[in-house]
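Presented below is the structure to which this report refers.
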Protein chains: 2
Amino acid sequence: MNRAAMSRAKAGRPRPASVKDVASRAGVSVGTVSNVLNRPDRVSEATRQRVEQAMAELGFIRNESARQLRAGKSRSLAYVMLDASNPFFTDVAMGIEDAAARASMSTFLCHSGGDAARERTQLQLLEQQRVQGILITPVDPGSAVIDEIRARGTHVVIVDRTRQGDTICSVSVDDELGGRLAVEHLIDRGHRRVAFVGGPHSIGQVRDRWAGASEAWRAAGLPEDDLVRLDTERLSVDEGRVAGQRIAGLSTRRRPTAAFCANDLLALGLLQQAVTTGRRVPDDLAIIGYDDIEFAAAAAVPLTSVRQPRQQLGETAARLILDETDNPDHQHESVVFTPELVARRSTLG
Amino acid sequence: MNRAAMSRAKAGRPRPASVKDVASRAGVSVGTVSNVLNRPDRVSEATRQRVEQAMAELGFIRNESARQLRAGKSRSLAYVMLDASNPFFTDVAMGIEDAAARASMSTFLCHSGGDAARERTQLQLLEQQRVQGILITPVDPGSAVIDEIRARGTHVVIVDRTRQGDTICSVSVDDELGGRLAVEHLIDRGHRRVAFVGGPHSIGQVRDRWAGASEAWRAAGLPEDDLVRLDTERLSVDEGRVAGQRIAGLSTRRRPTAAFCANDLLALGLLQQAVTTGRRVPDDLAIIGYDDIEFAAAAAVPLTSVRQPRQQLGETAARLILDETDNPDHQHESVVFTPELVARRSTLG
DNA sequence: CGTTGAGCGTGAAACGTTTCATCAACGAGG
DNA sequence: CCTCGTTGATGAAACGTTTCACGCTCAACG
């Protein structure tokens, strides 16, 4: 047994068939095999069939690394998610995947989990893979790594975040408007003391929603002190519960009659805390969330929420990056979607 | 301007620096650059620094395609998820990613969405990428495509499913035991008429949980007719609501006092339907779910659920595939985890 | 009959790495 | 002074594709 055969047996992994193998089996040149693969019209019916037959017999699978190396570009996009455990982002991811698949591109999903170091590693990996483009919901939209990547030639689109006055594609939702819609709704329903639950305020999202909320409040001519800002450490269910306790701890005079939460996870936590401590929703406390994830509508008291067009966000992001990679005179674009209030029982009673 | 420069300018994407560029800038050979990259100990301190400097200046990023082509293998795993919108699977995915990262492997996440055709496409793509191994929660565990892939040399581990008497690695959870635990708990709590909500029964999971449930029922010597099987079309929140209506529609004599749902999504839907139509949980209807996703604990009436070690499932799957690819005398293994009942208010009152 | 032009196929070069046999330089030991 | 071994660097081959400039064949046409 020669060395090659030995190592092959040991590895247990037979060398996959290559175009060369297919070519010799079909009695043609490798160039022809490649033509069958890439421009079937350039090759006669008869030989095409012979080659395809050989491929089937050998179980030929095209080696994408080699293809990519020669062609100089890959057929794949990547989306770096901020938090895979938040259904909002998985929906965005599915929108991206769909749109990419329609353009016969494959999508790699990665996951930073809000950790900047991890995000860096993921990006490095993707750059090494020479993906066509990177879609990302960054931990920090201002981060320089994004610029470095772009400087090296990989296209990047920012998803669900924006960058001030920058020349980069992004898709996002008008969070200030969302905040306004939420608070206007609460004011319409007669609430005159309202809590804004969210944080940390280092997140642009949170800042904008808060800004919209307080703007609506001022516009209605209500006293500034009666819009209470309750800061949270994260946008999680736990923190929602904590916020609920803090609200319960306030004196009756100061206690808000409604809460606007910066996302649905917070709202669900708050809802749970309220209900389990015997407060009625919305009579004792009205609650409004943000994102309108599936679980918001599924809560025991269905949650009013500000809906973002999640799938569409993803689809548009994919469209933008495809344009950027294909179209020589691509113009950077910041698409801003309009959120929509979905009123349910948690504010309607 | 020559043609190369023109097309380069037009594409707007400068050709990234290669080892050759780095080599000439550092005044060494390409072999040396490669050594710096792969066995830094083989190269003197001085040249190493020179090369690293050159890399930094040129913004060199290793081309993974070329690396892979030459080395014959990739540094990546893939997980094909069944349903990204179910938090259970994202948790499993995170477990896989963590374990893979620890072994300095990157992970590609794909998503079949329960669609066999889509699954096939994804698998084909992954095979073309020559990933080291594929982890998959298959649409149909019995499908032949899995065998074909393995026959061609790519290792596969089945996640959260099993295959009868087959020689393939898998990780799963003892669903029959889970079903038993759930129903025993309900019997303990005094329930004598119980519904099993789940379907379709073509899913192994559902069958096993049902089997465990009816076994526990028989073992307690209770009349078979009093364990009612309510079939659903899918394992979704919607279907949970439908099941709730069906339960409500039963005559008082026949109506169960508790429901065991085949997953948490169903349970949440059922819970919502019950609560919004004025039934009290657990007094009028006790509910128990399966998976113990985060939203189960976060429900207004916190859900009793059967917990599966999700992260650990993922980690173990990753461990298995790494062993299979690295260890020449790897033995196939079917790891079965033990589920655990987490009792909360939806059954405790 | 000679020329032309499709229509098909060919073969070699190139993509960016890694690997490996080889070589140069140099110090130690005889 | 010669030989050896060690250390560090080199250069060419190889991985599996795609691409492209050529050929070959044959039918049509002048």
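Chain identifiers are assigned alphabetically (A, B, ...) following the order of the sequence lines, protein sequences preceding nucleic acid strands; residue numbering begins at 1 within each chain.
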Exercise. Looking at every strand, decide which applies to B/Gly72 at a 4.0 Å heavy-atom threshold: base, sugar-phosphate, or nothing.
Key: nothing
Practice problem: Please state whether the phosphate of C/dG9, meaning OP1 or OP2, lies under 4.0 angstrom from any side-chain nitrogen or oxygen of A/Thr47. | Solution: yes
Quiz item: Rounded to the nearest Å, what distance is computed from the CZ atom of residue B/Arg67 to the C1' atom of nucleotide D/dA14?
Solution: 15 Å
Quiz item: Can you check the A/Asn35 CG to D/dC20 P distance for me, whole Å?
Solution: 11 Å
Quiz item: Of the candidate nucleotides D/dT17, C/dG16, D/dA9, which contains the atom at the shortest distance from the side chain of B/Val43?
Solution: D/dA9
Exercise. Check whether any side-chain nitrogen or oxygen of A/Ser44 sits under 4.0 Å from OP1 or OP2 of C/dG9, and answer yes or no.
Key: yes
Quiz item: Counting only N and O atoms by type, is there a donor-acceptor contact under 3.5 Å from the side chain of A/Asp21 to the main-chain atoms of A/Ser18?
Solution: yes
Quiz item: Can a side chain N or O of A/Thr32 be found less than 4.0 Å away from OP1 or OP2 on C/dT10?
Solution: yes
Quiz item: A/Val30 has a side chain; which of D/dG16, C/dT18, C/dA12 sits nearest to it?
Solution: C/dA12
Quiz item: Within the modelled atom types, does a donor on one side and an acceptor on the other bring the side chain of B/Arg70 and the base of C/dT17 under 3.5 Å apart?
Solution: no
Exercise. Scan A/Val33 against the nucleic acid and name what it touches under 4.0 Å (heavy atoms): base, sugar-phosphate only, or nothing.
Key: nothing
Self-check item: Heavy-atom neighbours of B/Arg150 CZ exceed 12 at 6.0 Å
Solution: yes
Self-check item: Which nucleotide in C/dT17, D/dT10, C/dG11 has an atom nearest any side-chain atom of A/Ser29
Solution: C/dG11
Practice problem: Please report, rounded to the nearest Å, how far the P atom of D/dG16 is from the CG atom of A/Leu58. | Solution: 14 Å
Quiz prompt | Rounded distance in Å - CG (B/Asn38) to C1' (D/dA9) | solution = 16 Å
Quiz prompt | More than 12 heavy atoms of other groups within 6.0 Å of B/Arg75 CZ | solution = no
Quiz item: Which whole-number value in Å describes the distance from B/Arg15 CZ to C/dC15 P?
Solution: 8 Å
Practice problem: Could you tell me whether A/Val19 contacts a base, only the sugar-phosphate backbone, or nothing, with contacts defined as non-hydrogen atoms closer than 4.0 Å? | Solution: base
Quiz item: Looking at B/Arg62, does any N or O in its side chain come under 4.0 Å of the phosphate oxygens OP1/OP2 on C/dT18?
Solution: yes
Quiz item: Given atom CZ of B/Arg39 and atom C1' of C/dT19, what is their separation to the nearest angstrom?
Solution: 6 Å
Exercise. May I ask you to check whether over 12 heavy atoms, not counting those of B/Glu45, lie within 6.0 Å of atom CD?
Key: yes
Self-check item: Distance, rounded to the nearest Å, where B/Arg42 contributes CZ and D/dT10 contributes C1'
Solution: 15 Å
Quiz item: Does D/dT18 have OP1 or OP2 sitting under 4.0 Å from an N or O in the side chain of A/Ser34?
Solution: yes
Quiz prompt | Distance in angstrom units between B/Asp41 CG and D/dT6 P, rounded | solution = 16 Å
Quiz item: Given B/His111 and B/Val80, is the side-chain contact (heavy atoms from CB on, under 4.5 Å) satisfied, shown in steps?
Solution: CA-CA 5 Å; B/His111 168 239; B/Val80 184; over 6 Å; no
